[in-house]
Amino acid sequence: MNKIIIFDTTLRDGEQVPGCKLNTKEKIELALDLERLGVDVIEAGFPISSPGDFASVNEISKSITNATVCALSRAVEKDIQVAGEALKYARRPRIHTGIGTSDLHIKSKFNSTREEILQRAIQCVKWAGNFTDNIEFYAEDAGRTDNDYLAKVIEAVIKAGATTVNIPDTTGYCLPHQYGEKIAYLINHVPNIDKAVISCHCHNDLGLATANSIAGIIHGARQIECTINGLGERAGNTSLEEVVMIIKQHKDLNFSTNIDATQLNPMSRKVSDVMRMPVQPNKAIVGSNAFSHSSGIHQDGFLKNAETYEIINPVEVGADDSKIVLTARSGRSALAHRFKKLGYDFTRNDVDVLYNWFLQVADSKKEIEDSDLNTLAKNYTKKNFVTT
Ligand code: KIV
Ligand code: ZN
């Protein structure tokens, strides 16, 4: 099995989301939870950005025992110095530094040239080397960077000391095959690529962050940067729970992670509560509907064998039991099942009659509650002298 390093950036890219800002106490608490979850690298923050974030990275460095603690910086000497200081107490510190490499970034952001940016990339890795040997370089907007130039930059930063090379699809632009080919291109064209781990950092602007990250590891990357609930700039980052469960479900891929999947739902709820950011109900793995069945066809199959409509047992990901939701789209099997759960022992004929009553109520409501069923059952037994 090829081990995939899980690099969690909930506390950095995730925390950049408006409204999700955390104080130091909250960041330490979540960092400890992330370590318990089994993440390998915790990106704790961007220390130069504010005194509060410096303090957070500093305190997280003291609290974390096993995971690597990472701090972000731009390709600026002062940024890197401050990141290095913030990580002073970390048992396993990592500095994450880098610069935009697409022509758009080079011209519009830096008013510079490819050659100058190449030199700045080399320089920032050398500065980081004054603080740690664990250096990650990011080529911002690598998704839209010319592959030939990207390969040159990556070769040079590895030579300068980078041990992880991050290939961000910063704007979520790539299609999975394009992102996968980019990783394969680097493997085939960077002579010293075996000296570094390739990392995927994908954004979700087109809803492809998870697919792109998986394409990345299939083509040779060995680290995925992700967040709980897929939080992150704009449409977010790759969601941790999705990549972890794809890897777990698709044994054929031959990948593994250190994540304890049973903690995924509790962790998702915790992050959602602390960051005050609700999770969409239909979110894979951690949404409230992820294990709910509401159409009659699905409910009938599910009640005969859960695997007909569920590829993951909710227990595996720490979710509540699967739910059979009763709506006007539900069928007789689901209704009979729910009555049984409520303690009623109706015959098939009883259920046929009750089902017609049920549909009348269900057409006027979004969801039928147990109290509605109790009323139906009471009226029915009174009318038909059924003893239940
Ligand atoms: O999306 C991005 O390119 C980033 C980098 C800072 C790694 O977040
Ligand atoms: Zn990002």
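All ligand and atom numbering here is 1-based and tracks the order in the structure. Note that the structure is predicted; figures quoted are calculated from it, not measured.
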Q) Does a donor on one side chain and an acceptor on the other come within less than 3.5 Å for Lys283 and Ser239? A) yes
Q. With atoms numbered from 1 as shown, which atoms in ligand 1 lie under 4.0 angstrom from a non-hydrogen atom of Glu140?
A. 3 (O)
Q) Can you tell me if Arg12 has a non-hydrogen atom under 4.0 Å from ligand 1? A) yes
Q) What atoms of ligand 1 come within less than 4.0 Å of a heavy atom belonging to Asn166? A) 7 (C)
Q | Carboxylate-amine/guanidinium contact Arg36 Asp260, below 4.0 Å | A | no
Q. What are the atoms of ligand 1, with element, lying closer than 4.0 Å to any heavy atom of Thr170?
A. 1 (O), 2 (C), 3 (O)
Q: Pick one of side chain, backbone, both or neither for how Asp13 approaches ligand 1, counting any non-hydrogen atom pair under 4.0 Å.
A: side chain
(Q) Between the side chains of Glu140 and Lys109, is the shortest nitrogen-to-carboxylate-oxygen separation below 4.0 Å, so that they form an ion pair? (A) yes
Q | Which residue and heavy atom of the protein sit nearest atom 1 (O) of ligand 1, plus the separation | A | His203 NE2, 3.0 Å
Q: Mind jotting down which residue pairs meet the salt bridge (Lys or Arg N to Asp or Glu O under 4.0 Å) criterion with at least one end in residues 294-310? Sequence neighbours excluded, please.
A: Asp300-Lys304
Q) Which N/O/S atom belongs to His201 and is the closest one to the Zn ion (ligand 2)? A) NE2
Q: Select the closest option to atom 4 (C) of ligand 1 among His201, His105, Glu233, judged by heavy-atom distance.
A: His201
**Q.** ring-ring contact (aromatic ring centres under 6.0 Å, His included) partners for Tyr179, two or more places apart
**A.** none
Q. Side chains of Asp103 and Tyr149: is there a donor and an acceptor less than 3.5 Å apart?
A. no
Q) Is it the side chain, the backbone, both or neither of Thr9 that has a heavy atom closer than 4.0 Å to ligand 1? A) neither
**Q.** Cation-pi, Tyr138 ring and Arg74 (6.0 angstrom, 45 degrees)
**A.** no
Q: Please note down the angle at the Zn ion (ligand 2) between NE2 of His203 and OD2 of Asp13, to the nearest 10°.
A: 100°
Q: Answer yes or no: does an N/O atom from His96 fall short of 3.5 Å to an N/O atom of ligand 1?
A: no
Q. So does Asp345 pair up with Lys340, basic N to acidic O under 4.0 Å?
A. no
